[in-house]
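Step one of this worksheet: look at the structure below.
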Amino acid sequence: MSYRVRIENTRHEFTVDEGESVLDAALRQGLILPYSCRGGTCGTCMGKVVEGEVRYPDDRRPPALSEAEEAVGQALFCQARPASDLAIEVREVRSAEDIQPRKLPCRVERLDELAHDVRRLWLRTPGNERLQFLPGQYIDFLLRGNRRRSFSLANPPHDDELLEIHVRQVPDGRFTGYVFQELKERALLRFEGPFGTFFLREDSPRPILMMAGGTGFAPIKSMLEHAFHHGFDRPIHFYWGVRGRRDLYLAELPEHWAAAHEHFHYTPVLSEPDPGDDWQGRTGFVHEAVLADYPDLSAYDVYMSGPPPMIDAARTAFLIHGLDPDHLYFDAFDYAVDPPE
Ligand code: FES
């Protein structure tokens, strides 16, 4: 048994399966509704039921919904299950301004070695807290002395039980040195986020070119996993530029996406392949590989993420090749060394 839900303010419609919450069903079908705890305790997901009826697990009103609110039709959509077709009013998250950054503690659940100089952190926020974000956004780790270090979220928003961060070791970088030499599983960190306007514009009809340098792969991964999850069918060609073969950490992932999705293409590009790499693929600067394949960029949306010199060179070259600046989205990672305290 499934029910139809119509969002009155946007006229969007979606289906909720038996036992599924209204929020889970909306997220599954690519509609982003506001949420935080997903446990009925924060009230962020509150909206109004204007037609139809909802029930709650064990028929118990969740803690963040008062009797008075329920009496006037308010509901918590992270907990509410439809008992009929519904018409609801709720604010849809359409842009970065719709999400208020928050400060949260987190625990390092797991650490993976992805490459000789890249570590992956899996972070768990406490109790019922979940971080809502758009695919491509970043968080700031809050460090002693009011210092911050920004890292993109690499997991897609629908898969938010743990937050995924890719950290590249920077010579003399204090925070990355700490991550590589001292940080252990179960360590506690604090962050603020999400931030940034580098997120996937889902309303555009244009084909997409994506380009990453090094760990600039992280936000692109979040965007792509979000796009695949929601059956996004615009053509996407992703170029990943790194120095040598060993820098293509998680190399099997984009290859797997290319095999699984007809509309997705992947081109790795090595700038300095080692003779031992036995590399038959593309070489040189990654943006030059993009331009060799797409000399006219006037019809494309372009997303790029990586170190500032790569972004600067690509931006200049892409605009010369017809890219409309309104269709260029980028995130320049700064691998800056911390100043002395
Ligand atoms: Fe917190 Fe629903 S997301 S109460």
Side-chain angles (χ1 to χ4, degrees), residues 1-95 98-107 109 122-135 153 155-164 193-194 202 225-226 228-231:
M1 183 85 183
S2 64
Y3 294 106
R4 297 288 304 160
V5 177
R6 188 177 69 246
I7 303 177
E8 288 289 73
N9 20 344
T10 59
R11 314 307 288 174
H12 285 142
E13 294 198 15
F14 58 99
T15 309
V16 186
D17 291 338
E18 184 74 40
E20 197 176 27
S21 73
V22 173
L23 174 69
D24 285 347
L27 294 175
R28 176 171 60 75
Q29 287 157 86
L31 297 171
I32 306 181
L33 307 188
Y35 69 85
S36 176
C37 71
R38 292 175 86 165
T41 58
C42 73
T44 309
C45 64
M46 192 177 290
K48 189 164 190 180
V49 177
V50 290
E51 262 175 54
E53 218 186 307
V54 295
R55 299 232 159 82
Y56 294 100
D58 303 325
D59 284 329
R60 295 216 334 226
R61 187 163 32 82
L65 181 69
S66 69
E67 213 175 326
E69 286 165 335
E70 189 175 35
V72 294
Q74 298 294 108
L76 293 182
F77 293 126
C78 74
Q79 299 300 303
R81 273 78 177 152
S84 67
D85 288 348
L86 300 176
I88 63 173
E89 282 174 2
V90 65
R91 180 176 55 86
E92 274 186 61
V93 176
R94 313 287 296 170
S95 71
D98 290 337
I99 306 177
Q100 200 53 36
R102 306 159 67 206
K103 286 185 182 165
L104 286 172
C106 61
R107 197 180 65 212
E109 185 83 6
W122 293 100
L123 307 174
R124 186 183 289 284
T125 47
N128 288 329
E129 298 287 347
R130 296 286 179 103
L131 182 74
Q132 180 159 37
F133 62 96
L134 296 172
L153 294 158
N155 57 300
H158 66 268
D159 185 8
D160 66 349
E161 193 178 338
L162 298 178
L163 300 174
E164 178 185 351
E202 297 180 51
E225 289 183 334
H226 172 81
F228 297 140
H229 182 74
H230 294 300

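Rounding to the nearest 0.5 Å gives a distance of 11.5 Å between CZ of Arg91 and CD1 of Ile32. Rounding to the nearest 0.5 Å gives a distance of 8.5 Å between CD of Glu109 and CD of Glu161. Rounded to the nearest 0.5 angstrom, Leu104 CG and Glu129 CD are separated by 5.5 Å. From Leu76, atom CG reaches atom CD of Glu70 across 9.0 Å, with rounding to the nearest 0.5 Å. Here CG of Asp59 is found 12.5 Å from CZ of Arg61. Values are rounded to the nearest 0.5 Å. In this structure, CD on Gln74 lies 14.5 Å from CD on Glu67, to the nearest 0.5 angstrom.
When Ile7, Val93, Leu27 are each tested for a side-chain contact (heavy atoms from CB on, under 4.5 Å) with Leu33, only one passes: Ile7.
Considering every non-hydrogen atom in both Cys78 and Ser21, the closest pair reads O-CB, 3.3 Å. Closest of all the heavy-atom pairs between Cys106 and Leu123 is SG-CD1, 4.0 Å. Nearest heavy-atom pair across Pro126 and Pro105 is CD-O, 3.2 Å. Contact between Ala83 and Arg55 at its shortest, heavy atoms only, is CB-NH1, 3.6 Å. Considering every non-hydrogen atom in both Phe133 and Leu163, the closest pair reads CE2-CD2, 4.1 Å. Nearest heavy atoms, Gln132 versus Pro194: O-CG, 3.3 Å.
A heavy-atom distance below 4.5 Å is not found between the side chains of Asn155 and Leu162. In this structure the side chain of Pro156 never reaches within 4.5 angstrom of the side chain of Pro135, judged on heavy atoms. Side-chain contact between His12 and Gln29: absent, with no pair of heavy atoms (C-beta onward) separated by less than 4.5 Å.
With sequence neighbours excluded, the residues that form a side chain to side chain contact (heavy atoms under 4.5 Å, CB included) with Glu89 are Glu8, Asn9, Lys48, Val50. In this structure, the side chain to side chain contact (heavy atoms under 4.5 Å, CB included) partners of His229, at least two apart in sequence or on a different chain, are His158. Partners of Ala75 according to the side chain to side chain contact (heavy atoms under 4.5 Å, CB included) rule, which considers only residues two or more places apart in sequence or in another chain, are Val49, Val54, Tyr56, Phe77. For Pro63, the side chain to side chain contact (heavy atoms under 4.5 Å, CB included) partners at least two apart in sequence or on another chain are Thr41. Judged as a side chain to side chain donor-acceptor pair (under 3.5 Å), and not counting sequence neighbours, the contacts of Arg4 are Glu13, Thr15.
Listed for the Glu69 side chain is a donor-acceptor partner under 3.5 Å among the backbone atoms of Ser66. Panel note: side chain Ser84, backbone Glu53; a donor-acceptor pair is recorded below 3.5 Å.
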Report the C-alpha distance between Leu65 and Met46 in whole Å, list the side-chain angles of each, state the deciding distance to 0.1 Å, and finish with yes or no for side-chain contact (heavy atoms from CB on, under 4.5 Å). CA-CA 8 Å; Leu65 181 69; Met46 192 177 290; 4.0 Å; yes
Dump the intermediate steps for side-chain contact (heavy atoms from CB on, under 4.5 Å) on Leu153 and Leu131, then the final yes or no. CA-CA 11 Å; Leu153 294 158; Leu131 182 74; 4.0 Å; yes
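For the residue pair Glu202 and His226, a side-chain donor N or O sits within less than 3.5 Å of a side-chain acceptor on the partner.
The stretch residues 15-34 participates, sequence neighbours left out, in these salt bridge (Lys or Arg N to Asp or Glu O under 4.0 Å) pairs: Asp17-Arg28, Glu20-Arg28, Asp24-Arg38.
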